[in-house]
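Notes follow once the structure below has been shown.
Side chains included, hydrogens not; waters and symmetry mates left out as well; all remaining heavy atoms used. Lettering of chains follows the sequences in order, A, B, ..., and the numbering in each one begins at 1.
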Amino acid sequence: MNNDLNKIKAEMSELQKELQSGLQSMLSEVGSKLSKAEREAIEQEVNEINELIDRLKTGLVWIALFGRTSVGKSAIANSLLGEDIAKVGIEHDFTTTVEPYQKEPWMIVDVPGFMGKKVNEKIALEEAQKAHGHIFVVESEPYEDEIELFDFVSDKMPDAPRIVFVNKKDVLFQGKTKSDREIVTAMIKQKMKKYVKSEDDIVFGSARLYDEENDVYVRQRLLELEDKLYEDAGTLGQIMNVFDPANRASQLNTDIKNKILEIRRKVARKVIHGYAYAAIASSLVPFDSLTVAPGMYASLTYAIVKIMGGPQPPSFNKMKMAGDTLKVCGQILAADFVAVSALETIANLFGPIGILADVAFLSYFKYRRTLIFGEATLIYIENGFNFGESASASIKKAKEEAGKHYNKFGSKRENK
Amino acid sequence: MIPPWLIVPIIYGVYKLLTKYDEASNTPTPPVLPVVGNRICLIGKTGTGKSSTANALLGHEAFAVGAKNGSTAKAIEVVYKNNFTIVDTPGLLDTINHENTIIYELARSKIILYVTSGQLFQTELDFLYKIRNYHLQSNQKIILYVNQQDTRERTMPTQQREIEKNSIKNQVISWLPEDKIVFGSASPVKNGALLPPSISELNNLISKMI
């Protein structure tokens, strides 16, 4: 296991270097042509990809706990970690610091509630984006300001895997009749169900219980919550398997395998989008020469191959593969690929004036071209390094997928 | 001079400026300036047991209580003793915002009984701080009542309970004297059976004030 993990870490580091140098050399090459905002946009993409890979490299499941301070997030962290790592105390809602707690396979991040503070809103969003999944913690029916926090996070990241944990079940149910318990349970579910895919993802429990005899709190294992975290597709637990498939994949069911594939694709698409962004700004290389020396596309191909994992054919060569893919794309999607080359030729002929006149239109095609290329590469890899019998169908599918997964694909205006 | 049609907008502008200034200095302006009367107004966030507390003070069930948060939808006034009435208000921080009703009711009450079940949220502290100056000027009195101590006793170690009590006191230490903070259980339950309320501390404090 450790060996595998080290191998994965090494591969990911290599990938990071490749991405960094690929995108950086492009920036230095064309940097003078870019506006400050464009430069920053590209740098931000690179940083986000880097951070994503950094997180995957840890091999840990990143979980962000959201909720007000007093709901017992630290106690929950301790229960999940099985150790009193997080300091549990009675605190006020004034804290603005994020507390990460790490113990394999968990990385649990205690995110402060924002209580009307813009600073905390920004922190909450950053942590939400970094995490593989979120746990929204409440101890009763949620109050207005808790709802505000949960709405904010779920609006920004509607697709993140999410569990609602209702902590201090013992306090909530203390002394209540069965029917009152049912009412309380129903009310909480009613208010919290909009944050999760199904009501089953709302879990009740107590991270610690009062031991009357000794007059102390006793840390509890949150088995139901742990089960949820590890459960099949739709929850977070499998993520730890993403870069460690050899060890565990054989025991996993199809759902989980698909889930892992989905996560790999997600990362790959993030990288493709980063390259597409950079492609907008890249220097004007005619399409024909791209197929001969597909520098940037080769680095993208390499990145996608690494991210998708799995065995590579012995003949794998990133330059050749990128060149071939580009050629096939060009043959089949002339409108997207060759048109850009014609425009590029015109732009080159007319020099700066041509560039000025067509740069927006050209950028749009370059952006699209990179996205389609990336998607085509994904299909090629998933087919076992092959476009199969109908390359044409595969490339058309790549174009469709590009339209589906990148929301700016169809709009010319935003790509400037 | 000033054209007549400009008068209304100008007045509105001046009014806006003034209210803005008021907000900045944390002095709330109640919607109507009501006369402060012999009322005990219960406020606090939703689900802390305001209605149960009112019932416990009265000694009979005058206000409807429920397991759900927000069972009280509007302010209700019931006769108490010594010419005083008790006003129960909808909860703060509810999904439905009742703030205007609450501000109106507390502005016309001589005694404000703020009910909580634990530490005050930042939003509650802000709200209390907002109404504090107004009360000082109008000779109103504020009591902070910490309810649901029975639940605390059954689910929290003594040490933690003490820490919590102190931390609640510390939250309001700068403006509320310690003798105006009382603890109790308005509707203690055990195994689903209702026990008699233990709010003698609160009863004594109110008796001294009315």
Item to check | Derivation and outcome, side-chain hydrogen bond (donor to acceptor under 3.5 Å, both in side chains), residues B:Thr158 and A:Asp215 | outcome: CA-CA 7 Å; B:Thr158 320; A:Asp215 198 20; 2.3 Å; yes
Item to check | Pairs satisfying salt bridge (Lys or Arg N to Asp or Glu O under 4.0 Å), at least one member in residues 131-141 of chain A, at least two apart | outcome: A:Glu139-A:Lys168, A:Glu141-A:Lys191
Checklist entry - Less than 4.5 Å apart, any side-chain heavy atom of A:Tyr217 and any of B:Met156? => result yes
Next on the checklist: Apply side chain to side chain contact (heavy atoms under 4.5 Å, CB included) to residues B:Lys45 and A:Tyr143 and explain how you reach the verdict.
Outcome noted: CA-CA 9 Å; B:Lys45 65 172 182 278; A:Tyr143 290 105; 3.4 Å; yes
Next on the checklist: For B:Glu153, which atoms come within 4.5 Å of any heavy atom of chain A: side chain, backbone, both, or neither?
Outcome noted: backbone
Item to check | Results of ring pair (Phe, Tyr, Trp, His ring centres under 6.0 Å) for A:Phe136 - residues two or more places apart only | outcome: A:Phe66, A:Phe150, A:Tyr195
Checklist entry - Side chains of A:Glu144 and B:Asn97: does their closest heavy-atom pair fall under 4.5 Å? => result yes
Checklist entry - Out of B:Asp150, B:Val189, B:Leu93, which one racks up the most heavy-atom pairs below 4.5 Å with chain A? => result B:Leu93
Item to check | Top of B:Thr155, B:Leu195, B:Leu92, B:Leu194 for chain A proximity - count of heavy-atom pairs under 4.5 angstrom | outcome: B:Thr155
Checklist entry - Can you check side-chain hydrogen bond (donor to acceptor under 3.5 Å, both in side chains) on B:Thr151 and A:Gln174, steps first, answer last? => result CA-CA 6 Å; B:Thr151 304; A:Gln174 199 278 324; 3.3 Å; yes
Next on the checklist: Counting only heavy atoms not in A:Glu126 (residues, nucleotides, ligands), do more than 12 fall under 6.0 Å from its CD?
Outcome noted: yes
Checklist entry - So, is the end of the A:Arg68 side chain (NZ or CZ) under 6.0 Å from the ring centre of B:Phe121 and within 45° of the ring's axis? => result yes
Checklist entry - For A:Lys156, does the NZ atom have more than 12 heavy-atom neighbours from other residues, nucleotides or ligands under 6.0 Å away? => result no
